[in-house]
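Computed from heavy atoms alone, side chains included, the values below leave out hydrogens, waters and symmetry copies. Throughout, a chain's letter reflects where its sequence line sits, starting with A, and its residues are numbered from 1.
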Amino acid sequence: MKEIVQRIKESVQVILDQKYGYKTEVNDILVNETKPEFRGNYTVVLFSIGKMLKSNPDSLGKGLGESLLEADRDLFAGFNVIKGFLNLEISDGLLLDFLHGQFQNPEYGVKPPNGRRVMVEYSSPNTNKPLHLGHLRNNFLGWSVAALYKANGYDVIKSCIANDRGIHICKSMLAWKLYAHGATPESTGIKGDHFVGDYYVLFGAELKKQVADLVATGLTKEQAEKNAPLTKGAQQMLVDWEAGDPETIALWKMMNAWVYAGFDVTYRRIGSDFDKIYYESETYLPGKDLVEEGLRKNVFYQKDDGSVWIDLREDGLDEKIVQRSDGTAVYMTQDIGLAVRKYEEYHMDQSIYVVADEQNYHFKVLKLICQKLRLPSAAGIFHLSYGLVELPSGRMKTREGTVVDADDIIDEMNKIAEQHTNELGKVDDFNPEERTELYDTIGLGALKFFLLRVDPRKRMVFNPDESIDFHGFTGPFVQYTHARIKSILRKETVGSYSANAYSALLPLEKELIIALEKYAALLQTACIEMNPSLVANYAFSLAKIFNSFYVEHSVGRAESEDKKQLRLRICLLTANSLKSAMGILGIRVPERM
RNA sequence: GGACCGGUAGCUCAGUUGGAUAGAGCAGCUGCCUUCUAAGCAGCAGGCCAUUGGUUCGAAUCCAAUCCGGUUCACCA
């Protein structure tokens, strides 16, 4: 069934053509929701049309309204014109048709397969430290965008690139070698990723000492940093690693295994999963063949020292290096190689990279280079650039210990969920397993909703001194609304409904059905814009309308059996939509809470 | 310095391709649990949409300039 807004636009288009001889595109017709202080549900804005027709908006509105009513009595129930705005009332019959058609459909809003494939890369952790709040935003966002694409009929591949090599990895390895005396996650009882992260931090602390000592002997800070034993040791370790030194490789494998074990626990908790994991240690070399190709195609050029560059000044950017003078690959080379490999494996139409906005420049360059190399993968590359999560004091910094650890914040959310739940005492009959699951559903729900409800492109602020809310515009609010509905549905049974016996829809009933009808269109918009926050906002506003409806009208003690059945159907569809919307955010909804 | 992003209530955020009196939540203040879950509902209060010009029937939204904040421009990843 066609969406209401679309039907209105098409009707207006036809009337404008037939009655006024004015041809216009459907998308040029502006249809808004009617502001609550006016009568009606949808509003056609007449100014631009009036201007084109050189006619007064008010008389145009009147004529248009009459014709619309005449032409489509199934859709329109009435209209009024105020100061250039044509407010249209949607007929109860149409809304009821929609409700009866969809209330039993748990997949309402989900589109059938469209034969297109998209890859979403997200998470991309470094294997030298545990995940923090910023990673969580990335994970939730990536997972949710993937879910949005699935709901819109795409075949989705979720991928992850593990940044498992490089100087930063060597730092934690060296610190462990020097200071751990053989300690392991098992021997200390510390989660593997945290264990390794501790040595990364230790490296920084010890390096600072060494630098201070060297500065005391008269070196500048830069010289000291360059010449400190730890710096040199880490660099040597990277050389050894690239040379395949067995001892270094063994250490690297062991420590990475610790980190992955830790990540697995966290990923499982937050529900992040991947269809394909790439490892930088396996992908960092192949890009070099493309450097050769680029030189042949004259896309790249070589400097006297042997380094290879691309000149992007004509595109408004700078010159960018793609291979060092010693012949080794840089970050960009790897990413070109990876892009090619992904495409060869999956032939996707679109390749989305969920990466922080610090790397806008990098991805601009990446796409440009791929285009210039005429790689088939180039067209689909899209950088979904999201803003960092900041503290009120600014950026989180590992070295200053201001990083909000992922595991810690999840634990804290669970604890708050537990506290609220126990205070309210509504699920005292739950067994321990059910309780644990509920705390997890609510705590994680609050956290995910908090991170996904704001526009991904924008930076956002997290204040660790104020705990994340469980009231108002939050995950638990939506979950609570769902549980409320489920409570009704446990007590009442959905039976038959005699359509001819209905009494006019009450304002809140109508408002709810109209809101429900918008879900399908919303899912599409959110996907096109790759913006889960639209889904979060929708879920919240739908829940809000339902709660108003809930206190105003009783379902179980409705005025008549038909009213009761009507409301039960509204309840069912609302519960389904809330569950579906939250599902796209990766948030479960409980039956009771 | 070049490029890009942002500045909306005390705080955190919405605000569709320009549309009606700029909206939520939190915090503050009032009310509402003997009937389906009060993690709720109803209400009050809170705004020079950074500033100044411009475009027009109409600007938080578009354009220009300025101010403030951020990111980036490495033979780091």
Side-chain angles (χ1 to χ4, degrees), chain A residues 27-28 30 32-35 37-38 43 45-48 50-51 57 82-85 87 126 163 165-169 280 284 303 305-309 316-326 328 330-332 334-335 356-362 364-365 385 387-388 390 392 394-395 417 420-421 423-424 426-427 442 446 450 453-455 457-463 466 469-481 483-492 525 529 533-534 536-537 540-541 543-544 547-558 567 571 592-593:
Chain A
N27 289 331
D28 290 339
L30 187 61
N32 293 338
E33 290 163 40
T34 302
K35 296 240 168 193
E37 55 267 37
F38 301 101
T43 297
V45 184
L46 302 165
F47 297 102
S48 55
K51 202 172 176 182
I82 298 169
K83 290 197 302 184
F85 297 90
N87 300 323
N126 289 328
N163 298 305
R165 63 163 284 281
I167 193 80
H168 54 298
I169 309 294
E280 195 187 308
Y284 84 108
K303 288 192 178 175
D305 62 4
S307 58
V308 181
W309 297 75
L317 304 173
D318 296 316
E319 292 176 81
K320 188 86 189 171
I321 190 161
V322 292
Q323 184 169 291
R324 296 193 188 93
S325 51
D326 63 4
T328 55
V330 294
Y331 180 40
M332 184 59 71
Q334 285 169 214
D335 262 12
D357 60 11
E358 303 169 295
Q359 305 215 27
N360 287 353
Y361 183 80
H362 173 80
K364 211 187 253 180
V365 173
S385 160
L388 267 69
E390 292 187 351
R395 251 181 115 144
H420 280 298
T421 305
E423 275 168 16
L424 293 166
K426 291 177 183 173
V427 293
I442 297 173
F450 175 81
R453 65 176 206 184
V454 318
D455 187 329
R457 282 156 256 271
K458 289 194 179 175
R459 267 181 292 153
M460 63 180 293
V461 176
F462 169 75
N463 188 347
E466 298 166 11
D469 241 297
F470 283 61
H471 303 271
F473 183 19
T474 68
F477 174 93
V478 180
Q479 292 173 321
Y480 173 73
T481 307
R484 253 185 162 180
I485 298 171
K486 285 298 178 153
S487 172
I488 296 173
L489 294 173
R490 274 192 298 275
K491 295 186 172 100
E492 305 291 342
T525 309
E529 303 195 358
S533 81
L534 298 177
N537 276 280
F540 173 64
S541 69
K544 227 171 116 66
N547 281 325
S548 298
F549 160 83
Y550 178 92
V551 294
E552 192 71 25
H553 305 295
S554 177
V555 176
R557 294 162 183 250
R567 288 179 190 164
C571 284
R592 290 175 56 192
M593 69 183 273

(request) Before accepting this row, confirm whether a basic side-chain N of the pair A:Arg557/A:Glu492 lies closer than 4.0 Å to the acidic partner's carboxylate O. (result) no
(message) Is there a side-chain contact between A:His471 and the phosphate of B:G40, meaning an N or O under 4.0 Å from OP1 or OP2?
(response) yes
My understanding is that only residues two or more places apart in sequence, or in another chain, count here; which of them pass ring-ring contact (aromatic ring centres under 6.0 Å, His included) with [X]?
| X | result |
| --- | --- |
| A:Tyr480 | none |
| A:Tyr550 | none |
| A:Phe470 | A:His420 |
| A:Phe38 | none |

(request) Just say parallel, tilted or perpendicular for the rings of A:Phe85 and A:Phe47, cut-offs at 30° and 60°. (result) perpendicular
(request) Sugar-phosphate atoms are those with a prime plus P, OP1 and OP2; base atoms are the rest. Using that split, label each nucleotide of nucleotides 6-14 of chain B B, S or - for protein heavy atoms under 4.0 Å, 5' to 3'. (result) -S----BSS
(message) Does the protein touch nucleotides 28-35 of chain B at the base, only the backbone, or not at all? Give it as B, S and - per nucleotide, heavy atoms under 4.0 Å.
(response) -------B
With the criterion being N/O to N/O and under 3.5 Å, what pairs connect the protein with nucleotides 41-44 of chain B, and how long is each?
| from | atom 1 | to | atom 2 | distance (Å) |
| --- | --- | --- | --- | --- |
| B:A42 | OP1 | A:Ser548 | OG | 2.9 |

(message) If you assign each of A:Ile442 and A:Ile167 to its closest nucleotide in RNA chain B, which residue comes earlier from the 5' end?
(response) A:Ile442
(message) Using the six-membered base ring of B:A20, report whether A:Phe38 stacks on it, requiring centroids under 5.5 Å and planes under 30° apart.
(response) yes
Restricting to side chain to side chain contact (heavy atoms under 4.5 Å, CB included), what partner residues turn up for [X], sequence neighbours left out?
| X | answer |
| --- | --- |
| A:Glu529 | A:Thr525, A:Asn531, A:Leu534 |
| A:Ser325 | A:Asp305, A:Ser307 |
| A:His362 | A:Tyr331, A:Met332, A:Asp335, A:Gln359 |

Would you tabulate the pairs of protein nitrogen or oxygen atoms and nucleotide nitrogen or oxygen atoms of nucleotides 71-74 of chain B closer than 3.5 angstrom?
| from | atom 1 | to | atom 2 | distance (Å) |
| --- | --- | --- | --- | --- |
| B:C73 | O2' | A:Asp318 | OD2 | 2.2 |

(request) Could you summarise the pairing of RNA chain B as dot-bracket text, marking Watson-Crick and G-U pairs under 3.5 Å with ( ) or [ ] inside the strand and | across strands? (result) (((((((..((((.....[...)))).(((((.......))))).....(((((..]....))))))))))))....
(message) Would you say A:Thr43 and A:Asn32 are linked by a side-chain donor-acceptor pair, where the criterion is simply a distance under 3.5 Å?
(response) no
(request) State whether a side-chain donor-acceptor pair under 3.5 Å links A:Ser533 with A:Asp455. (result) no
